[in-house]
Amino acid sequence: MLEVNEMKPTCKSILILGSVSAVARAIAHPFAQEGYSLLLADIETEENERIAQDIRIRYRVWCDTLFFDASDIDSHPAFLDKVIEKLNGFPEGLVICFGYMPVQEQAQKDFKLIKKTIDINYTGAVSILERVISKFEERNHGFAVVISSVAGDRGRKSNYIYGSTKGALTRYVEGLQHRLSSTKVQVLLVKPGFMDTAMTYGLNLPPRLLASPEEAGNIIYKAWKKKKQVIYVKWFWRYIMLIIQHLPRFVFLRTQL
Ligand SMILES: NC(=O)c1ccc[n+]([C@@H]2O[C@H](COP(=O)([O-])OP(=O)(O)OC[C@H]3O[C@@H](n4cnc5c(N)ncnc54)[C@H](OP(=O)(O)O)[C@@H]3O)[C@@H](O)[C@H]2O)c1
């Protein structure tokens, strides 16, 4: 039997960006279990390598890592060349899990934080998606899973800077889905509510509304399997956001949301 480090990637392969995120890890596991080769890319390299090693040992699949900075858009073409080199071709699927959420009050006083949020969450995601999706479209095959947020559904004072980047990402993905509707390329838009991850560490969030990364990963993987287009994680966020979106302005402006 081949040792895991002697294996070659198969054409059933997936590129996960922001792979150190606990949610990304939870999404990676079922794909590895299905026999997918995984290329994990993140700005954090040491922990990423540990995650890859764990996946190789657990599932005996090809799994490798790459450094990736979403905000450095000039590096993206060379990054994708490295992806092709590592996988001996283009991946079958792409998962976008990277994201950055500044402290709202700090960002209001420091435009650098606003720009960083836009560069990572929106510009970085679009730069990669446009390039990868065009390839998928050309071969009429492939899938992308994009993690946006309920924060993009209505601008609220508590996090409208982060929320506006996710709102733009949501609109962008909706447009992509429209563009790809007559092809076999699948794009799943994920809108999580609160998840118990590094991003929300230290925030006082209602436990009943919180999803664990494992729960979230499982829901997202199942939705991808069922070829869904848009999901909320957890399901009740669809209704919470429906109410928030439809609150009359004079009521909404009095809330502390
Ligand atoms: N947690 C929530 O309640 C929640 C709710 C709605 C949506 N989301 C979205 O869910 C996704 C996963 O987030 P999470 O909750 O798992 O938080 P997380 O642990 O902070 O994950 C985000 C990942 O993105 C990476 N990243 C940050 N800047 C990057 C850059 N410039 N280039 C490449 N990678 C970068 C982070 O690396 P470092 O840790 O090294 O910075 C981290 O691995 C994000 O898109 C987030 O916006 C989260």
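Because the structure is predicted, anything quoted here is derived from the model rather than measured. Both counts, for ligands and for their atoms, begin at 1 and track the order of listing.
- Each of I55, I57, I16 was checked for a side-chain contact (heavy atoms from CB on, under 4.5 Å) with C63, and the lone residue meeting it is I55.
- Those atoms of ligand 1 that come under 4.0 Å of a heavy atom in T200, given as number and element, are 1 (N), 2 (C), 3 (O).
- Ligand 1 is approached by G193 to a heavy-atom distance shorter than 4.0 Å.
- Each of the following atoms of ligand 1 lies closer than 4.0 Å to a heavy atom of S149: 6 (C), 7 (C).
- Below 4.0 Å from some heavy atom of V23 lie the following atoms of ligand 1, by number and element: 16 (O).
- Side chain of D42 to backbone of V20: a donor-acceptor contact under 3.5 angstrom is found.
- Panel note: side chain R156, backbone S158; no donor-acceptor pair is recorded below 3.5 Å.
- Looking at Y162, Y100, W237, it is Y162 that brings a heavy atom closest to atom 47 (O) of ligand 1.
- With respect to atom 32 (N) of ligand 1, the closest heavy atom belonging to the protein is A70 N, 2.8 Å.
- Considering only non-hydrogen protein atoms, atom 3 (O) of ligand 1 sits nearest to M195 N, 2.8 Å.
- The environment of NZ in K12 is crowded: more than 12 heavy-atom neighbours from other residues, nucleotides or ligands sit within 6.0 Å.
- No donor-acceptor pair closer than 3.5 Å links the side chain of N48 to the backbone N or O of I43.
- From T117, atom OG1 reaches atom CD1 of I120 across 7.0 Å, with rounding to the nearest 0.5 Å.
- Protein heavy atom in closest approach to atom 14 (P) of ligand 1: T197 OG1, 3.4 Å.
- By the definition of a contact as any protein heavy atom under 4.0 Å away, atom 39 (O) of ligand 1 is not in contact.
- Y160 has its side chain within reach of Q104: a pair of non-hydrogen atoms, C-beta onward, lies under 4.5 Å apart.
- For ligand 1, the atoms closer than 4.0 angstrom to any heavy atom of F194 are 3 (O).
- Geometric assessment of R154 against the ring of F252 yields a positive cation-pi assignment under the 6.0 Å and 45° thresholds.
- With respect to the salt-bridge test (charged N to carboxylate O, under 4.0 angstrom), the residues E47 and R25 qualify.
- Looking at atom 43 (O) of ligand 1, its nearest protein heavy atom turns out to be D42 OD2, 2.9 Å.
- Protein heavy atom nearest atom 17 (O) of ligand 1, with residue, atom name and distance: M199 CB, 3.3 Å.
- Taking atom 23 (C) of ligand 1 as the reference point, the nearest protein heavy-atom neighbour is S21 CB, 3.9 Å.
- Below 30°, between 30° and 60°, or above 60°: for F143 and W224 the angle between ring planes is between 30° and 60°, a tilted geometry.
- Using 4.0 Å as the threshold, K166 has a heavy atom nearer than that to some atom of ligand 1.
- In this structure, atom 34 (N) of ligand 1 lies nearest to the protein heavy atom F98 CB, 3.6 Å.
- Between the choices G124, A216, A125, C97, the shortest heavy-atom distance to atom 44 (C) of ligand 1 belongs to C97.
- By the 4.0 Å heavy-atom criterion, S148 is counted among the residues contacting ligand 1.
- Distance from atom 27 (C) of ligand 1 to its nearest protein heavy atom, with residue and atom name: G99 O, 3.6 Å.
- By the 6.0 Å contact criterion, CD on Q245 is enclosed, its count of non-hydrogen atoms from other residues, nucleotides or ligands being greater than 12.
- Remark: L253 CG to K157 NZ distance equals 9.5 Å, nearest 0.5 Å.
- The atoms of ligand 1 that sit less than 4.0 Å from any heavy atom of F68 are 32 (N), 33 (C).
- Here CG of D110 is found 10.0 Å from CD1 of I161. Values are rounded to the nearest 0.5 Å.
- Remark: ligand 1 atoms within the under-4.0 Å shell around heavy atoms of I147 are 9 (C), 10 (O), 11 (C), 45 (O).
- Of all atoms in ligand 1, listed by their number and element, those nearer than 4.0 Å to a heavy atom of E44 are 40 (O).
- Those atoms of ligand 1 that come under 4.0 Å of a heavy atom in A198, given as number and element, are 19 (O).
- Proximity of K135 to E138: side-chain heavy atoms (C-beta onward) are separated by under 4.5 Å at one or more points.
- At a heavy-atom cutoff of 4.0 Å, ligand 1 is contacted by both the backbone and the side chain of V20.
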